[in-house]
Amino acid sequence: MNRLVASFAALLLAASVFGGCTPKETPPQGEPSGSSSQVEENNSSQEDSSSRRLTVADAALYRGEVRGLDENGFYLVQVPGRDYGDGIVRFSIGEGTKFSFDRETLEEGQYLEVYYSDVQETYPPQTEAIAVNWLPDAAMSVFNGEVVEVTEKEDGTTDLLMKRIGGEGTDEILFHIGESTQVYTNEIQVGSQLSILFNGAVTLSLPGQASAWEVAPYTVEKSEDYTQWIGSK
């Protein structure tokens, strides 16, 4: 439990301006600030119109794949790339929980973004979800790679040629880092290992090209066995 609170502090890096990019503020991925959270709809930061994303300015953030879904809630298990604290968290669904998508479509394996507040000191940690956003499947929307080339352009944007670290799919992608890209690291140079969140859409060019939503340090996969809580799936 202490890891969920303490290790989030490692992600509280100032959103840096890289190559002229001006990232928007992100909700804190650390200790929640209380129960006064107000859910707001964010229509401007992402290009993917298939899901309007909710934001909660004073709440903590967790992302993971749905496991152990039932009528009262679900577990989220982290995927390789970003560290949000504990590798698994149980989220209950309360009367005040808001969804940016039809709750009836919630199913096992979906990649979700959840805002939450107070956490119960159990393991796995448990908390009530304040707001839940749908994200494209992690296999499509999370690219973990090493920087091969950095190109700073005249318009103030930056291009990052990335080579994938493990996993499946396209080996190299050229990511465009623009004004709306949220950057959570100062270490962007050839050889840097990064985790990039994007909408999963890649052009058919060689290399494929995509627009980055977020850029953060790459974190290795957690190795803990969670089957005692979520089964063997």
Side-chain angles (χ1 to χ4, degrees), residues 1-15 22-67 69 72-79 81-106 110-122 124-136 138 141-142 179-184 195 197-199 212-216:
M1 164 57 204
N2 289 335
R3 176 164 162 66
L4 181 65
V5 174
S7 65
F8 282 169
L11 287 178
L12 291 176
L13 299 171
T22 306
K24 296 184 179 180
E25 292 190 11
T26 183
Q29 297 170 0
E31 186 173 355
S33 61
S35 58
S36 60
S37 304
Q38 181 175 352
V39 179
E40 297 181 355
E41 183 174 338
N42 184 351
N43 291 315
S44 60
S45 64
Q46 310 299 355
E47 297 174 1
D48 183 10
S49 59
S50 63
S51 175
R52 59 184 178 86
R53 293 178 67 189
L54 305 173
T55 60
V56 186
D58 56 352
L61 173 68
Y62 195 94
R63 293 189 183 122
E65 291 182 330
V66 176
R67 295 291 185 269
L69 174 66
N72 298 315
F74 51 85
Y75 290 95
L76 285 188
V77 176
Q78 284 192 49
V79 302
R82 295 284 294 273
D83 186 3
Y84 297 96
D86 288 273
I88 182 173
V89 176
R90 170 71 179 181
F91 291 96
S92 62
I93 300 174
E95 293 183 359
T97 302
K98 305 294 183 182
F99 287 81
S100 65
F101 59 98
D102 185 354
R103 176 181 169 180
E104 298 302 317
T105 64
L106 183 62
Q110 285 180 324
Y111 190 43
L112 300 181
E113 174 181 80
V114 176
Y115 290 89
Y116 66 95
S117 184
D118 300 322
V119 179
Q120 297 180 30
E121 295 188 7
T122 60
Q126 300 183 48
T127 183
E128 182 174 312
I130 300 173
V132 183
N133 291 314
W134 173 90
L135 295 172
S141 63
V142 177
E179 291 184 357
S180 63
T181 304
Q182 299 181 52
V183 180
Y184 303 119
S195 181
L197 180 70
F198 68 114
N199 67 359
W213 287 351
E214 293 182 9
V215 179

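Reckoned from all heavy atoms, side chains included, excluding hydrogens, waters and symmetry mates. This chain uses plain numbering: 1 for the first residue, then up along the sequence.
The OH atom of Tyr75 sits 6.5 Å away from atom CD of Gln126, with the distance rounded to the nearest 0.5 Å. Atom CZ of Arg103 is separated from atom NZ of Lys98 by 12.0 Å, given to the nearest 0.5 angstrom. To the nearest 0.5 angstrom, Ile130 atom CD1 is 11.5 Å from Thr55 atom OG1. Between atom OG1 of residue Thr122 and atom CZ of residue Arg90 there is a gap of 11.0 Å, rounded to the nearest 0.5 Å. Rounding to the nearest 0.5 Å places CD of Glu65 at 11.0 Å from CG of Leu135.
The aromatic rings of Phe91 and Phe74 sit tilted, their planes meeting at an angle between 30° and 60°.
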| Intermediate values then yes/no, side chain to side chain contact (heavy atoms under 4.5 Å, CB included), Asn72 and Ile93 | CA-CA 6 Å; Asn72 298 315; Ile93 300 174; over 6 Å; no

| message | Under the criterion side chain to side chain contact (heavy atoms under 4.5 Å, CB included), I'd like the reasoning laid out for Thr127 against Ser117: C-alpha separation, chi angles, the key distance, then a yes or no. | response | CA-CA 7 Å; Thr127 183; Ser117 184; 5.5 Å; no

| query | So Leu54 and Tyr115, side chain to side chain contact (heavy atoms under 4.5 Å, CB included) or not? Walk me through it. | reply | CA-CA 9 Å; Leu54 305 173; Tyr115 290 89; 5.6 Å; no

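Closest approach of Arg53 and Ser100 over heavy atoms only: CA-CB, 4.4 Å. Considering all non-hydrogen atoms of both residues, Ser92 and Thr97 come closest at O-OG1, 4.2 Å. Residue Glu113 comes nearest to Leu61 through the heavy atom pair CG-CD1, 3.2 Å, listed as atom of the first residue, atom of the second, then distance. Here the shortest heavy-atom pairing between Leu106 and Phe101 reads CD1-CZ, 4.1 Å. Considering every non-hydrogen atom in both Pro136 and Tyr111, the closest pair reads O-CD2, 3.4 Å. Gly85 and Gln78 make their closest contact through O-NE2, 3.2 Å (heavy atoms, listed as atom of the first residue, atom of the second, distance).
Proximity of Leu76 to Ile88: side-chain heavy atoms (C-beta onward) are nowhere separated by under 4.5 Å.
For the pair Arg63 and Trp213, the cation-pi criterion (under 6.0 Å, within 45° of the ring axis) is not fulfilled.
Side-chain atoms of Gln110 come within 3.5 Å of backbone N or O of Thr105 as a donor-acceptor pair.
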